[in-house]
A.B. asks: 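Okay, here's the structure, questions in a sec.
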There are 2 protein chains.
Amino acid sequence: MTTSSGDTVLDRVLRILSAFDARRRQLSVADLAHVTDIPLATAYRLVSKLSAEDILTRYPDGTIGLGMRLWELAARSSPAVSLRTAAMPFLDDVQAIFRQHTQLSVLDDNEVLVVERLSSRNSVVNQATVATRMPIHTVSMGLVQLAFQPPHVIDDYFLAHANAAKMTYPSSGSITTTLAQIRREGFSMLDGMLDDGTTGAAVPVFNTLRGKNRTAIAAISVVVPEDFEQRAAVIPVLMAASRGLARALHPVPETE
Amino acid sequence: MTTSSGDTVLDRVLRILSAFDARRRQLSVADLAHVTDIPLATAYRLVSKLSAEDILTRYPDGTIGLGMRLWELAARSSPAVSLRTAAMPFLDDVQAIFRQHTQLSVLDDNEVLVVERLSSRNSVVNQATVATRMPIHTVSMGLVQLAFQPPHVIDDYFLAHANAAKMTYPSSGSITTTLAQIRREGFSMLDGMLDDGTTGAAVPVFNTLRGKNRTAIAAISVVVPEDFEQRAAVIPVLMAASRGLARALHPVPETE
DNA sequence: CACTGGATTCTCAGGCAGTGAGAATTATTC
DNA sequence: GAATAATTCTCACTGCCTGAGAATCCAGTG
């Protein structure tokens with residue numbers, strides 16, 4: 001009875017939790033065992049242990065889903081949540097003005113992680129694209145944050161992502177040129193990167209309003225049609241929201 | 001070297017994660033070890049393992065906080081998140097009309113769990129009260145959901161909470177009378193339970209618009225001043241939001 | 001620059017938590 | 001009521017986890 005796979009309980013638990021996403025909200029234990037590559041008997045034991053803690057939930061039909069406790073743990077004090085809370089009013093404002101998809105994102109593990117997304121109120125599709133990841137160098141939200149990172153972070157990114165270094169952009173050329181331009185102008189606006197006919201515009205949110213070493217801690221962005229009539233207003237409005245958010249974040253380090 | 005305390009790795013990890021909340025966003029490893037009652041050396045090992053997975057984060061100053069991965073896991077497919085997403089527009093509406101604290105909550109483990117809270121836009125205090133728990137029988141959000149549960153759930157609650165059974169309410173008397181009244185009228189309105197001078201009003205959100213066995217799956221509520229001028233409109237507006245949400249939830253069981 | 005106190009990592013033997021195939025039991029279906 | 005699937009139980013076995021203590025790193029501080 002040798003454990004052929006050398007993974008710990010914790011690894012397995014994380015694999016189990018990772019098996020769920022927006023498309024697969026609930027799974028049978030058998031599927032779960034298969035996907036996570038855990039022996040069936042063991043899967044049952046783990047699932048029942050996690051269910052007891054409300055990290056997972058057993059639905060009446062026997063399938064498994066994430067439990068409330070997991071969300072509760074994350075929601076009570078995750079930095080993503082406090083950022084989201086602080087940003088909400090400003091995102092609301094941007095959304096109210098343009099009535100287009102408005103997003104808040106951060107960098108995590110060399111990827112862009114969407115923390116909040118407000119869809120057009122009327123739009124039918126509201127499937128939570130929150131908590132989605134995407135490569136930094138393919139979206140304006142990513143570039144705009146990468147540009148305002150300490151130099152060694154940027155270098156590390158190029159080392160880890162060789163293809164990013166070779167990337168070229170329609171209007172601005174190489175990625176280094178692009179980053180320099182972003183640092184000069186303070187924003188990024190890319191046409192047709194996500195989808196044809198759409199433009200992604202993003203500005204950084206800084207850790208401090210003014211100072212020597214400003215670093216981007218987040219990005220606010222909107223996705224608009226390429227021929228958007230209010231195009232000229234997009235960047236100024238995003239800038240205002242960004243500054244408002246930075247100000248809201250700054251004076252409240254700890255409430256105790 | 002006997003493990004005196006008979007708790008598993010998983011227990012300990014949960015204790016660690018539970019140690020963080022809105023007031024204590026970051027802790028030193030020493031504090032963490034003390035709070036969770038885990039030997040220092042072990043605490044360090046667990047923390048570094050969890051940090052590697054981005055479940056925890058090490059800040060530059062050496063303190064520990066929750067990591068992005070934890071939030072990501074929960075946010076991608078937790079039922080709380082999808083409920084929140086669906087409810088957001090309706091909560092927005094309620095908030096826009098009354099400009100008072102508007103809340104969405106569910107029952108979990110015989111407690112009320114606040115899933116989302118919109119504060120008055122102007123209010124300074126926006127400290128995330130999301131993911132807060134409170135006893136069912138002390139708030140209108142709780143009563144209104146308890147009233148519309150299968151009988152055995154209600155019985156179980158009384159068994160587990162003897163003091164709840166003895167509870168009396170200013171206007172309606174005993175808790176059973178109160179629940180019956182709620183079932184008749186379809187809402188709950190309590191004066192001065194949370195704070196003097198405030199009124200909590202709540203309506204249930206049903207799993208199905210019409211049917212034999214309707215069960216409450218959530219509650220929408222507002223907290224208003226006792227002498228609120230729009231008091232008469234509160235319940236109708238909440239009802240409309242509740243029905244809207246129920247309709248939004250119903251036709252989308254699985255998008256695949 | 002040595003000194004000091006704290007934070008952090010490493011070491012290592014030993015025990016028990018976790019393992020997982022298979023049997024046993026319980027739902028479910030036809 | 002047989003057949004099938006879902007779920008739990010059994011039970012040796014083993015290697016992950018343990019945790020005190022030593023060793024190392026890291027600011028300050030005088």
Side-chain angles (χ1 to χ4, degrees), chain A residues 1-20 24-67 69-70 150 152 213 254, chain B residues 1-20 24-67 69-70 150 152 253-254:
Chain A
M1 259 167 242
T2 51
T3 44
S4 54
S5 50
D7 46 13
T8 95
V9 210
L10 218 143
D11 289 334
R12 290 180 161 182
V13 168
L14 290 181
R15 278 223 299 288
I16 289 177
L17 298 183
S18 303
F20 299 93
R24 307 190 173 268
R25 287 232 163 69
Q26 42 201 81
L27 295 169
S28 73
V29 180
D31 288 345
L32 195 57
H34 180 255
V35 171
T36 56
D37 192 30
I38 296 174
L40 195 59
T42 307
Y44 270 109
R45 185 157 23 84
L46 286 178
V47 164
S48 92
K49 202 175 289 186
L50 290 171
S51 303
E53 300 285 359
D54 200 12
I55 300 294
L56 294 179
T57 305
R58 308 194 71 117
Y59 291 102
D61 65 350
T63 59
I64 310 295
L66 295 188
R69 179 90 184 282
L70 181 66
H152 67 92
N213 42 9
E254 201 93 57
Chain B
M1 262 165 239
T2 50
T3 45
S4 52
S5 49
D7 47 12
T8 97
V9 210
L10 219 144
D11 289 333
R12 290 180 160 183
V13 169
L14 290 181
R15 278 222 300 288
I16 289 177
L17 298 183
S18 302
F20 299 93
R24 305 189 175 269
R25 286 232 163 70
Q26 41 201 82
L27 295 169
S28 74
V29 181
D31 287 345
L32 195 57
H34 180 255
V35 170
T36 55
D37 194 30
I38 296 174
L40 195 58
T42 307
Y44 270 109
R45 184 157 22 82
L46 287 178
V47 164
S48 92
K49 202 177 289 186
L50 290 170
S51 304
E53 300 285 358
D54 200 12
I55 300 295
L56 294 179
T57 306
R58 310 193 69 116
Y59 291 103
D61 64 351
T63 58
I64 310 296
L66 295 188
R69 179 90 184 281
L70 181 66
H152 66 92
E254 202 91 59

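Protein chains get the first letters and strands the later ones, always in sequence-line order, with residue 1 at the start of each.
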A.B. asks: Does S18(A) reach the main-chain N or O of L14(A) with its side chain, forming a donor-acceptor pair under 3.5 Å?
C.D. replies: yes
A.B. asks: Check D7(B) with R15(B), please: is the shortest side-chain N to carboxylate O separation under 4.0 Å?
C.D. replies: yes
A.B. asks: Given dT8(C), dC9(D), dG21(D), which nucleotide is nearest the side-chain atoms of A41(A)?
C.D. replies: dC9(D)
A.B. asks: Please tell me which of R45(B) and L40(B) maps to the more 5' nucleotide of DNA chain C, matching each residue to the nucleotide holding its nearest heavy atom.
C.D. replies: L40(B)
A.B. asks: How many whole angstroms separate atom CG of L46(A) from atom C1' of dT8(D)?
C.D. replies: 14 Å
A.B. asks: Over how many whole Å does the gap from K49(B) atom NZ to dT9(C) atom C1' extend?
C.D. replies: 14 Å
A.B. asks: Round to the nearest Å and state the distance from Y44(B) atom OH to dT24(D) atom P.
C.D. replies: 18 Å
A.B. asks: Side-chain N or O of T42(A) less than 4.0 angstrom from OP1 or OP2 on dG20(C)?
C.D. replies: yes
A.B. asks: Find the distance H34(B):NE2 to dA7(C):C1' and express it as a whole number of Å.
C.D. replies: 17 Å
A.B. asks: Rounded to the Å, how far apart are R58(A) CZ and dA27(C) P?
C.D. replies: 13 Å
A.B. asks: Hey, does the side chain of T8(A) come within less than 4.0 Å of dC17(D)'s phosphate (OP1/OP2), counting only N and O?
C.D. replies: yes
A.B. asks: Find out whether R12(B) and V9(B) are in side-chain contact, i.e. whether some heavy atom of one side chain is under 4.5 Å from a heavy atom of the other.
C.D. replies: no
A.B. asks: Starting at CG of D61(A) and ending at P of dA27(C), how long is that distance when rounded to a whole Å?
C.D. replies: 17 Å
A.B. asks: Is any side-chain N or O of R12(A) closer than 4.0 Å to OP1 or OP2 of dA17(C)?
C.D. replies: no
A.B. asks: If I take atom CG in residue D31(B) and atom P in nucleotide dT8(C), what distance separates them, rounded to the nearest angstrom?
C.D. replies: 11 Å
A.B. asks: For residues L50(A) and L10(B), determine if any side-chain heavy atom of one lies less than 4.5 Å from a side-chain heavy atom of the other.
C.D. replies: yes
A.B. asks: Starting at CG of D7(B) and ending at P of dG15(C), how long is that distance when rounded to a whole Å?
C.D. replies: 19 Å
A.B. asks: Just one of D31(A), T63(A), T57(A) clears the side-chain hydrogen bond (donor to acceptor under 3.5 Å, both in side chains) bar with Q26(A), so which one?
C.D. replies: T63(A)
A.B. asks: Closer to the 5' end of DNA chain C via nearest nucleotide, is it T63(B) or L10(B)?
C.D. replies: T63(B)
